[in-house]
Asker: 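Pasting a structure below so you can have a look.
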Amino acid sequence: MGQFGGRLKIDLGAIQRNWRGLDSVSRTALTGAVVKADAYGTGLVPVSAALWQAGARFFFVANADEGIDLRHTLPDAHIFVLNGLAAGAAQFYADNLLMPVINSLGELDQWLKLCIAAEEALPAAFQFDTGMNRLGLRLQEVSIVRSMMEQSGYLPQMVMSHLACADQPNHEKNRTQRALFQSLLAQFPDIPASLANSAATLSGRDNHFQIVRPGLALYGGRAVQGRPNPMAPAVTVEMPVLQVHEARTGETVGYGATYTLNRDSRVAVIGCGYADGYIRSLSSSNGKPGAHMWFGGRQLPVLGRISMDLTVVDVTDLGQNVPLPGQFVEVFGPNSLIDDAAEAGNTLSYELLTSLNGRYTRVYVDENGAEFSV
Ligand SMILES: *Cc1c(COP(=O)(O)O)cnc(C)c1O
């Protein structure tokens, strides 16, 4: 934190509008909020407080450490831990009112033992794997799950699964997984069901069931491929210009000399690199365009390889309007979309957001436009 590096501005009002937008898309389904990985790099504490204020009551984190941090911020939230019940930690979850997403028979056994000892049906979700081979109870285990439930009289708060290809709404895997999930639900009558991440929430009512679980879309990311993004950008990254200079046709830029200038150019050296999460795959070479920054109404292409703390961009087309040392260029934001950068870098806005790290000065903007830091 300081005044000489990058600035990361998080628009809490935009995150709140995005949550409300998703809540109206999901109609009668409850709208949760996925705040794992420090709310996708935007800051768990201020973002969760803003989401609560907007009306969110169901929160999803990756592990119990994140769950504890969230519990301290939101004493009354319903908190699900997606990565499940850590071994030997059942009492810890119960003490902090964290609901494990039960992902295996071993976890179920551990949780039911605690419920019996506590003489209390402590709430939890059951997740079934319908086709990702990631976490989740196996579909063929459903009869064992049913008999464990009958023996103990236990009912879960929610039954869930996760789609592998939700970002491609026409992918046939979505139909297959949805059908498997539907038939599974017959075994859990009257238990609320949840299938949808952001993309599935935005792409069809068939996915909504009783609770939706958007993450990326809250933070303004483009969840569905090949469609206009209805969400408001919530994250702006600005980086300082260190130097502007002239360079000649035929000169190369950066490590590896991967980019040769094909015209006399004016270049700006920006104080930002992969140590700031401006990852190396956003680099360019003559054969491959990279990401762009933005200043003065124009896109500024990245030239050559991104280094640890420095990136060079082409400012030739700005003419006399070049930025001065100390001015800031927009790296990600409303004019320089993080999803476009992700596409140029052959990655996802998920990775770019969660790569934004502690090097930034973080500023939050509340729904009234007031700025504050935490
Ligand atoms: C991360 C995650 C989500 C949220 O996904 P987005 O694509 O960010 O909306 C939902 N459900 C599960 C199980 C997840 O791991």
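Read the numbers this way: they start at 1 and go in the same order the structure lists the ligands and their atoms.
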Asker: With sequence neighbours excluded, give me every ring pair (Phe, Tyr, Trp, His ring centres under 6.0 Å) pair touching residues 128-149.
Answerer: F128-F188
Asker: Need the list: ligand 1 N/O atoms against protein N/O atoms, distance under 3.5 Å, rounded to one decimal.
Answerer:
unit_1	atom_1	unit_2	atom_2	d
ligand 1	7 (O)	N197	ND2	3.4
ligand 1	7 (O)	Y350	OH	2.5
ligand 1	8 (O)	Y40	OH	2.5
ligand 1	8 (O)	L216	N	2.8
ligand 1	9 (O)	S198	N	2.7
ligand 1	9 (O)	S198	OG	2.5
ligand 1	9 (O)	G215	N	2.8
ligand 1	11 (N)	H162	ND1	3.4
ligand 1	11 (N)	R213	NE	3.0
ligand 1	11 (N)	R213	NH2	3.2
ligand 1	15 (O)	K36	NZ	2.7

Asker: Looking at R7 and E330, does any basic side-chain N land under 4.0 Å from a carboxylate oxygen?
Answerer: no
Asker: Regarding D129 and R134, does a basic nitrogen lie under 4.0 Å from an acidic carboxylate oxygen?
Answerer: no
Asker: How would you list, by chain and number, every residue that makes a side-chain contact (heavy atoms from CB on, under 4.5 Å) with A117, sequence neighbours excluded?
Answerer: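 If we apply the side-chain contact (heavy atoms from CB on, under 4.5 Å) test to A117, skipping adjacent residues, there are no hits.
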Asker: Could you check whether F181 and F209 have their ring centres less than 6.0 Å apart?
Answerer: yes
Asker: Return each pair, listed once, that meets side chain to side chain donor-acceptor pair (under 3.5 Å) where at least one residue sits in residues 11-33; pairs must be two or more places apart or across chains.
Answerer: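 For residues 11-33: Q16-Q53, D23-T31, S26-T31.
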